Amino acid sequence: MLPYGRQWLEEDDLDAVLQVLRSDWLTTGPKVAEFEREFADFVGVAEAVAVSNGTAALHAAMYAIGIDPGAEVIVPSMTFAASANCVVFQGGSPVFADVSEGTLLIDPAQVEAKITPRTKAIIAVDYAGQPCDYDALRAIADRHKLILVADACHALGASYKGRPVGALADLSTFSFHPVKHMTTGEGGMITTNQSAMARRMRAFRNHGLNMDVQERERAGSWFYEMTDLGYNYRLTDFQSALGMSQLRKVPGWVERRQQIARSYNSAFAEIPAVKPLDVRTDVSHAYHLYIIQLKLEELRATRAEVFSALRTAGIGASVHYIPVHLHPFYRQRFGTRPGLCPVAEAAYERIVSLPLFPRMTENDVQTVIAAVRQVVDRYSILAKETSPKCESPS
Ligand SMILES: *Cc1c(COP(=O)(O)O)cnc(C)c1O
């Protein structure tokens with residue numbers, strides 16, 4: 001089965017990890033600081049804060065901007081649950097905004113419609129790897145004095161009007177889960193130009209202590225104070241070594257992802273029942289996911305049937321995502337229900353994620369295209385109307 005995404009580890013990645021495993025420092029030490037510096041430089045910001053995963057990065061961001069009970073944060077419904085869960089971790093309420101048809105990115109007009117006196121922030125999700133419309137979102141945030149956070153877990157290596165993702169919002173979060181653009185096994189990062197927020201997040205990932213163990217060593221002191229409630233969200237030094245080794249490969253990997261997407265685009269342009277997501281002209285798309293929308297009115301099948309047929313053909317298709325407001329937790333806790341985000345709900349019935357990762361061979365790409373063509377042909381309404389074997393014998 002060809003999965004929808006997978007990691008790529010080479011000998012030099014393994015060597016980098018082994019070297020740290022043989023050293024004196026295993027957890028948060030010099031390699032974490034080096035990784036943070038390289039990552040900040042990569043996206044062109046002053047500060048990067050490494051944490052144990054992308055969800056911890058989102059949680060730290062909500063902490064840094066002061067989300068507390070009573071605060072509302074606007075999030076798109078078409079995303080992974082963690083984009084909204086992070087608001088709940090801090091006692092706040094996620095308010096779901098619908099997405100734009102075509103791109104399935106958060107719709108700035110819907111964001112503006114959901115603002116109340118309690119709104120504190122907007123979380124933009126660069127769904128599939130395409131940056132949101134940051135100029136529009138920034139204008140709304142400035143007009144209403146809101147903080148703009150980017151959940152950029154899909155979009156490392158992407159850019160918007162020539163500006164890299166990671167530098168487009170007040171805080172941007174990344175994940176290093178194996179299906180993402182680069183991996184540290186589990187891992188995450190927050191990027192920002194605001195050093196006071198970076199300092200808060202470094203304490204937050206380390207139990208809320210005002211000094212970490214390296215700083216105490218340097219000061220020759222045992223003394224520290226816990227100044228706020230924090231967590232253990234630290235990344236290890238050997239993961240950071242892996243992260244630095246992987247980060248160097250990201251530009252080449254993103255190019256390969258874009259190349260595969262171009263092959264898919266030109267093949268699917270000839271299949272009327274298959275519609276890839278729209279890509280705006282002012283972005284460079286990082287293609288974490290390649291998503292097609294099925295024109296179900298042209299098919300005698302549901303998405304579930306197309307999905308199973310693809311899996312039977314060895315294509316590890318997936319679906320990203322069930323709109324977050326439809327999950328039982330949100331329905332029960334926040335009273336969300338179908339009809340709240342009609343564009344996301346309608347899209348959910350039609351979307352399929354196809355395999356896309358840099359290590360795919362040309363042959364893999366052609367296998368996916370052939371399988372999609374075959375499955376769609378089998379279920380095509382046109383095929384039913386014109387194929388003689390389908391005519392009624394009467
Ligand atoms: C992967 C992902 C996360 C969570 O990252 P983890 O490292 O798995 O915790 C959050 N938001 C989005 C959009 C993601 O794709």
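Values in this document were obtained by computation on a predicted structure and should not be read as measured data. All heavy atoms count here, side chains included; hydrogens, waters and symmetry mates do not. Ligands are counted one by one from 1 in listed order, and the atoms in each one are counted from 1 as well.
Taking only nitrogen or oxygen atoms, main chain and side chain alike, T79 does not reach within less than 3.5 Å of ligand 1. Considering backbone and side-chain N/O atoms, H288 never comes within less than 3.5 Å of an N/O atom of ligand 1.
Between H154 and F80, the distance from one ring center to the other does not fall under 6.0 angstrom.
For the residue pair D212/Y224, the side-chain donor-acceptor check at 3.5 Å is not satisfied. T236 and Q239 form a side-chain donor-acceptor contact under 3.5 Å, judged by distance and modelled atom types alone.
Two residues are said to be in side-chain contact when any heavy atoms from C-beta on lie closer than 4.5 Å; H144 and E112 meet this criterion.
The environment of CD in Q19 is sparse: at most 12 heavy-atom neighbours from other residues, nucleotides or ligands sit within 6.0 Å.
Summarising the contacts of atom 8 (O) of ligand 1 with A152, S175, P178, the nearest heavy atom is found in S175. Between M78, K180, H154, it is K180 that holds the heavy atom closest to atom 2 (C) of ligand 1.
Residue-ligand proximity, T55 to ligand 1, at heavy-atom distances under 4.0 Å covers atoms 4 (C), 5 (O), 6 (P), 9 (O). Of all atoms in ligand 1, listed by their number and element, those nearer than 4.0 Å to a heavy atom of G54 are 5 (O), 6 (P), 7 (O), 9 (O). Close approach to Y321 involves these atoms of ligand 1, each under 4.0 Å from a residue heavy atom: 15 (O).
With sequence neighbours left out, the side-chain hydrogen bond (donor to acceptor under 3.5 Å, both in side chains) criterion links S245 to D13.
The nearest heavy-atom contact from the protein to atom 11 (N) of ligand 1 is D151 OD2, 2.8 Å.
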